[in-house]
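All values derive from a computational prediction rather than experimental measurement.
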Number of protein chains: 2
Amino acid sequence: MSLMQIPRRVDYGLRAIIYLSTQDPEKCCSITEIAKQQNVPKKFLEKIIQDLMRRGLIRSKRGSCGGYSLARSANEISFYDVIEALEGSITVNACMDEEFSCDQLPRCTMVGVWSEIQRKVTEVFTRTTLADLRRTPCRDIVSASSLSSAA
Amino acid sequence: MSLMQIPRRVDYGLRAIIYLSTQDPEKCCSITEIAKQQNVPKKFLEKIIQDLMRRGLIRSKRGSCGGYSLARSANEISFYDVIEALEGSITVNACMDEEFSCDQLPRCTMVGVWSEIQRKVTEVFTRTTLADLRRTPCRDIVSASSLSSAA
DNA sequence: TAGTTATCCCACTAAATTAGTCTGATTTAA
DNA sequence: TTAAATCAGACTAATTTAGTGGGATAACTA
Ligand code: SF4
Ligand code: SF4
């Protein structure tokens with residue numbers, strides 16, 4: 001009963017890379033550390049992080065005292081980069097996928113709506129970088145707890 | 001490999017209700033007719049249409065020569081109405097769902113992004129009614145074929 | 001009243017996706 | 001050499017999606 005929801009994979013991946021963006025760029029964070037801090041199943045996260053590696057968003061150091069760090073600076077990594085690395089491109093409906101074509105397309109009146117949605121969603125994701133998230137703890141719930149911890 | 005895609009169910013349901021909006025309001029269209037015109041599996045469509053019925057978007061006439069027609073006028077039925085009738089509310093990430101709460105929420109920096117996406121998507125879907133689709137055959141592909149058939 | 005055509009209702013299956021685990025090899029610092 | 005880490009890939013379990021089938025019920029027509 002919930003539509004157009006991003007998968008856990010992507011949420012977890014974003015948690016991880018956002019965590020890295022808050023750490024010293026030279027520091028290597030282990031899977032164990034990230035998983036614990038962000039409350040993500042460790043082995044699952046391991047696989048997710050491998051995908052971010054292959055796409056060149058983060059880099060790794062192997063062996064003891066190894067771990068991960070951002071491959072480029074936080075303002076050069078967008079939400080879209082992460083999402084696309086993990087799940088491929090966003091296609092809000094089947095006909096928005098280039099590889100697929102619908103037989104109704106020539107006389108379909110709703111494709112305009114899908115492309116409008118797709119354009120807007122993509123715009124937000126490409127515009128938002130990890131650096132943008134630095135300051136805002138949680139836009140809506142800036143209440144007692146978060147204020148006191150910031151002091 | 002395609003993210004945030006609406007399910008076939010919704011696409012089929014929209015095809016059906018859009019088709020009804022192009023027909024005489026008094027005419028009853030049978031499942032068979034709609035399924036054939038819109039190229040949707042008949043039995044599957046039957047179930048989808050029942051959901052639209054229960055939500056009061058369309059009405060039916062039973063028996064021989066029965067069928068379906070819009071329950072209200074085309075400009076009073078939005079995309080959002082149809083989508084919500086078929087799949088429930090749109091929640092772009094788990095934490096946007098009221099029934100679910102994430103333990104990371106208090107210190108999460110990305111909820112703002114999800115709510116922005118959610119707001120924009122919802123805005124387009126609520127703003128767009130079936131009546132809006134009447135004229136536009138297909139915004140992008142207004143090429144030879146559609147132009148000649150319009151003449 | 002019988003026959004036909006349609007909605008209505010609910011159980012069921014088959015395929016795909018998602019979320020996650022298990023095993024084990026390889027690399028490197030201490 | 002041992003411990004701590006990444007790396008690689010097969011595997012499973014649960015859920016969701018897409019679709020089917022069978023049959024009851026209702027209304028129109030002859
Ligand atoms: S019916 Fe229209 S909106 Fe749906 S998949 Fe086909 S072209 Fe796209
Ligand atoms: S981590 Fe943040 S964005 Fe993800 S579900 Fe929790 S609150 Fe929402």
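- Checking side-chain atoms of A:D97 against main-chain N and O of A:A94 turns up no donor-acceptor pair under 3.5 Å.
- The pair A:E33-A:K42 fails the salt-bridge criterion, with no side-chain N (NZ, NE, NH1 or NH2) lying under 4.0 Å from an Asp/Glu carboxylate O.
- Near DNA chain D, meaning a heavy atom under 4.0 Å away, the residues from residues 37-46 of chain A are A:K43, A:E46.
- For B:E84 (side chain) and B:S89 (main-chain N/O), no donor-acceptor pair under 3.5 Å exists by modelled atom type.
- Applying the 6.0 Å contact sphere to NZ of A:K36 captures no more than 12 heavy atoms from other residues, nucleotides or ligands.
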So B:R119 and B:E116, salt bridge (charged side-chain N to carboxylate O under 4.0 Å, His left out) or not? Walk me through it. CA-CA 5 Å; B:R119 210 171 49 242; B:E116 183 177 358; 5.1 Å; no
Does A:F44 form a side-chain contact (heavy atoms from CB on, under 4.5 Å) with A:R9? I'd like the steps, not just the answer. CA-CA 8 Å; A:F44 194 23; A:R9 253 178 84 70; 3.8 Å; yes
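- Note: CD (B:Q50) to P (D:dG23) measures 19 Å, nearest angstrom.
- The phosphate of D:dA18 (OP1 or OP2) has no side-chain N or O of B:Y12 nearer than 4.0 angstrom.
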Residues B:Q5, B:S2; criterion side-chain hydrogen bond (donor to acceptor under 3.5 Å, both in side chains); working and verdict: CA-CA 7 Å; B:Q5 192 164 316; B:S2 64; 2.9 Å; yes
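- We find that B:D11 and B:R15 are joined by a salt bridge, their nearest charged nitrogen and carboxylate oxygen being less than 4.0 Å apart.
- Going from atom CG of B:D11 over to atom P of D:dT17 covers 15 Å, rounded to whole Å.
- Near-neighbour residues of DNA chain D inside residues 62-72 of chain B, defined by a heavy atom below 4.0 Å, number-ordered: B:R62, B:G63, B:S64.
- Among the heavy atoms of the strands lying under 4.0 Å from B:I31 are primed sugar atoms or P, OP1, OP2 only; no base atom is included.
- For B:S60 and C:dC8, the shortest distance from a side-chain N or O to OP1 or OP2 is below 4.0 Å.
- Rounded to an integer number of Å, the gap from CD1 of B:I48 to C1' of C:dC8 is 16 Å.
- Atom CG of B:L86 and atom P of D:dT17 are 12 Å apart (whole Å).
- Between the CZ atom of A:R8 and the C1' atom of C:dT17 there is a distance of 16 Å, given to the nearest Å.
- Side-chain atoms of A:Q38 never come within 3.5 Å of backbone atoms of A:Y12 as a donor-acceptor pair (strictly under, hydrogens ignored).
- Residues B:E123 and B:R127 are paired through a salt bridge, judged by an N-O separation under 4.0 Å between the basic side chain and the carboxylate.
- Using modelled atom types, no side-chain atom of B:R54 and backbone atom of B:A85 make a donor-acceptor pair closer than 3.5 Å.
- For the pair B:R54 CZ and C:dC10 C1', the interatomic distance rounds to 10 Å; values are reported in whole Å.
- Note: CD1 (A:I6) to C1' (C:dT17) measures 16 Å, nearest angstrom.
- Side chain of B:T128 to backbone of B:F125: no donor-acceptor contact under 3.5 angstrom is found.
- The residue A:K61 sits close only to the backbone: its heavy atoms come under 4.0 Å of sugar-phosphate atoms, none of a base.
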Under 3.5 Å, which N/O atoms of the protein pair with N/O atoms of nucleotides 14-16 of chain C?
none

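- Regarding A:I49, its CD1 atom lies at a distance of 15 Å from the P atom of C:dG20, rounded to whole Å.
- Judged by atom type and distance alone, B:K47 reaches the base of D:dG19 through a side-chain donor-acceptor pair under 3.5 Å.
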